Amino acid sequence: MSYPYQITTYEAYQQAYKQSVEQPEQFWAAIAENFQWRKKWDEVLNWNFKEPKIEWFKGGKLNITENCLDRHLPTLGDEPAIIWEPNDPSEHHRILTYNQLHEKVCAFAQVLKNNGVKKGDRVCIYMGMIPELAIAILSCARIGAIHSVIFGGFSAQSISDRIIDAHAEYVITCDGAFRGGKDIPLKSVIDDALVSCEFVKRVIVFSRTRIAVSMIKGRDVWWEDEMKKIDAVGITDIKAAEMDAEDPLFILYTSGSTGKPKGVVHSSAGYMLFTNYSFVNVFQYKPGQLFFCTADIGWITGHSYIVYGPLSAGATSLMFEGVPTWPDAGRFWSIIDKFKVNILYTAPTAIRSLMGFGLQPLKGKDLSSLQILGTVGEPINEEAWHWYDENIGKKKCPIVDTWWQTETGGILISNLAGVTPAKPAHATLPLPGVQPVLVDENGKILEGNNVSGNLCIKFPWPSILRTTYGDHDRCRQNYFATYENMYFTGDGALRDENGFYRITGRVDDVLNVSGHRIGTAEVENAINMHDGVVESAVVGYPHDVKGQGIYAYVIYNSMHENEELTRKDIAMTVARIIGPIAKPDKIQFVSGLPKTRSGKIMRRILRKIAEGETQNLGDTSTLLDPGVVDEIKNAKL
Ligand code: PRX
């Protein structure tokens, strides 16, 4: 596999960037030529951000799995596509070559067909980090079904909300999942979720932990039994469904500033092109290298940089089932040593957490195979950046700080490893095709350097979200209505004296906890469901490891029991409604919340108090009851 569009010098980057802005259609059309199409496109780009309507390569026909699998078989058939490391280091790892992955995807695609799944159907996938998760995803794509993967940390309630929203009649899950010292009963959670989803026709269950599960006659089938039927008739290849470039490939739910998560929809061709292009350029991938992205496939990072980006590039992608700190804090380093990983892509929260264990877990681990390091998901503080650089990269590996979002599909702002300059804690420069702008509150574009404002993108790139499932107007309102003719990211950023971007964090009511995106309104809704809670307000506060922690101010009607137990009860309610990832770190009981006369909660004040600020709380004179601020301040946790 060669990548004629790989940028290898700073000058080439500048040239590519210039062309991508001046002639975006020619620029992307030339890159699209490197993929396998059943039929070429009629039109490269058709767009307006008003509706929004964004179409890339309209009229083109393809199937992403032919690009991720079939086209590699003649040259890379016996090369590893996925190397899988299990949770427990004493269990044997697995290697799937491109030939084997292709065969399994075809077989499972036939299983899906046998079970009634058709092109355009939505399939909910709730599995642990095992190769079958990647197989399930690719099998959906093979037959043109739209996958909706749900992270294993979400609760039954969250799953049923998502299944109902997408009207997914098919579910693929596991009996359970291993994560560190825990066995997570996935099928049992699915069973709870499906109580309110009677329209679900089929649940396919892969056996991973082989705990006891209930299998409902007529609805639930075992993955292995279904695969045996395929083996019996000897199916090793099935023709991929012909998809339009703009046909949806998947839905991925993510949190916004309103209570209900949105189903972000990505297209087939544009998503494929951009995840491939960004993978090859940001990580400077060279054929034969081993790429290890530590994300979970339940999030966009796993979709784009464990599955689609690497596989479309014929790369070898390492997939890890466990957690960085189990059985000990040297787990990542052992994996890198064991498989001779060349590129490591992880989250600042993981780096900070591992930093906390000191250098002992690194002892005896040979990390010399590493060539490039990456981070994603949240701003990386300079201390963590330097620790990563010195102790993991041994000061010889370029670090890419990649900024992007579920909605952007792929990396939009990042240095290109070793090609464009890096600067600690800065995502630096936009990828070719990406046109960022900073705007002030009124939407005025801030020109020049040394400015900070709200980050928008003024021109579409191929993997921009196309809609939010089932509610296009929500997509418009959320991303395209705040500033005219621009995609609004929800992030704040500054542009330094060199024109490098530094992402400063969300400017809306979205938190980033351990790289997981959580809406404050969502957490408030969940807290308010708890019996006895009158009202709540949730804000973020700086957390040494998680980046942000969740701080909840709660008005509780009467405190019958001890406060600590009530806190635990509330946390349990949040875990039930959303999932354990959204449990508040701190719950402070208050008698009132600072509100304006019109009844709006002054979160700015609450945020400052949660951050430990006691003096400069800003203007409190417009508050209905300024006294409440002192009470909250004095009782801060
Ligand atoms: O605030 C930004 C932060 O993560 C948000 C997107 O979250 P999500 O859709 O879950 O996707 C995460 C993985 C791409 C952004 O709005 N974020 C992501 N990458 C960075 C970042 N903040 C600072 N620096 C980054 N490199």
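Both backbone and side-chain heavy atoms feed into the values below; hydrogens, waters and symmetry mates do not. Positions are given from 1 along the sequence. Whatever order the structure lists them in is the order used to number ligands and atoms, beginning at 1. Just so it is clear, the structure is predicted and the values come from calculations on it, not from any experiment.
Side-chain polar atoms of Y345 and T402 form a donor-acceptor pair below 3.5 angstrom.
At least one N or O atom of R506, backbone or side chain, sits closer than 3.5 Å to an N or O atom of ligand 1. Taking any N or O of T489, backbone or side chain, none lies under 3.5 Å from an N or O belonging to ligand 1.
The nearest protein atom to atom 8 (P) of ligand 1, hydrogens excluded, is given as T406 OG1, 3.5 Å; this is a heavy-atom distance. When only non-hydrogen protein atoms are considered, atom 3 (C) of ligand 1 lies nearest to G377 O, 3.3 Å. Nearest protein heavy-atom neighbour of atom 6 (C) of ligand 1: W404 O, 3.7 Å. Ranking the protein heavy atoms by distance from atom 7 (O) of ligand 1 puts R517 CD, 3.4 Å first. Protein heavy atom nearest atom 13 (C) of ligand 1, with residue, atom name and distance: T301 OG1, 3.4 Å. Atom 2 (C) of ligand 1 has as its closest protein heavy atom D491 OD2, 3.1 Å. Scanning all protein heavy atoms for the shortest distance to atom 23 (C) of ligand 1 gives P379 N, 3.1 Å.
Contacts between E378 and ligand 1 below 4.0 angstrom, taking non-hydrogen atoms only, involve the backbone exclusively. Within the 4.0 Å heavy-atom criterion, the part of N512 lying near ligand 1 is the side chain and not the backbone.
Side chain of D496 to main chain of N498: a donor-acceptor pair is present (N/O by atom type, distance under 3.5 Å, no hydrogens or angles). With hydrogens and angles disregarded, a donor-acceptor distance shorter than 3.5 Å links the side chain of S463 to the backbone of T408.
From D389, atom CG reaches atom NZ of K396 across 11.0 Å, with rounding to the nearest 0.5 Å.
In summary, the atoms of ligand 1 found under 4.0 Å from a heavy atom of V376, numbered by their order in the structure, are 13 (C), 14 (C). Every atom of ligand 1 is numbered from 1 in the order shown, and the set under 4.0 Å from a heavy atom of I503 is 22 (N), 23 (C). Here is the list of ligand 1 atoms found below 4.0 Å of a heavy atom in T402: 19 (N), 20 (C), 25 (C), 26 (N).
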Scan the side chains in residues 445-460 for donor-acceptor partners under 3.5 Å anywhere in the protein, sequence neighbours excluded, and list what turns up.
from	atom 1	to	atom 2	distance (Å)
N449	ND2	E497	O	3.2
N454	ND2	Y483	OH	2.9

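Taking the six-membered ring where the residue is Trp, Y487 and Y479 present parallel rings, their angle staying beneath 30° rather than reaching 60°. Ring geometry for H516 versus W299: interplanar angle under 30°, hence parallel rather than tilted (30 to 60°).
Using a 4.0 angstrom heavy-atom cutoff, W299 does not count as in contact with ligand 1.
Pairs of residues two or more places apart, or lying in two chains, that qualify as salt bridge (Lys or Arg N to Asp or Glu O under 4.0 Å) and include a residue from residues 400-410 are E407-R517.
Figure legend: cation-pi geometry between K586 and Y541, with NZ or CZ positioned under 6.0 Å from the six-membered ring centre and within 45° of its axis.
No option in D165, D161, T468 other than D165 meets the side-chain hydrogen bond (donor to acceptor under 3.5 Å, both in side chains) test with Y253.
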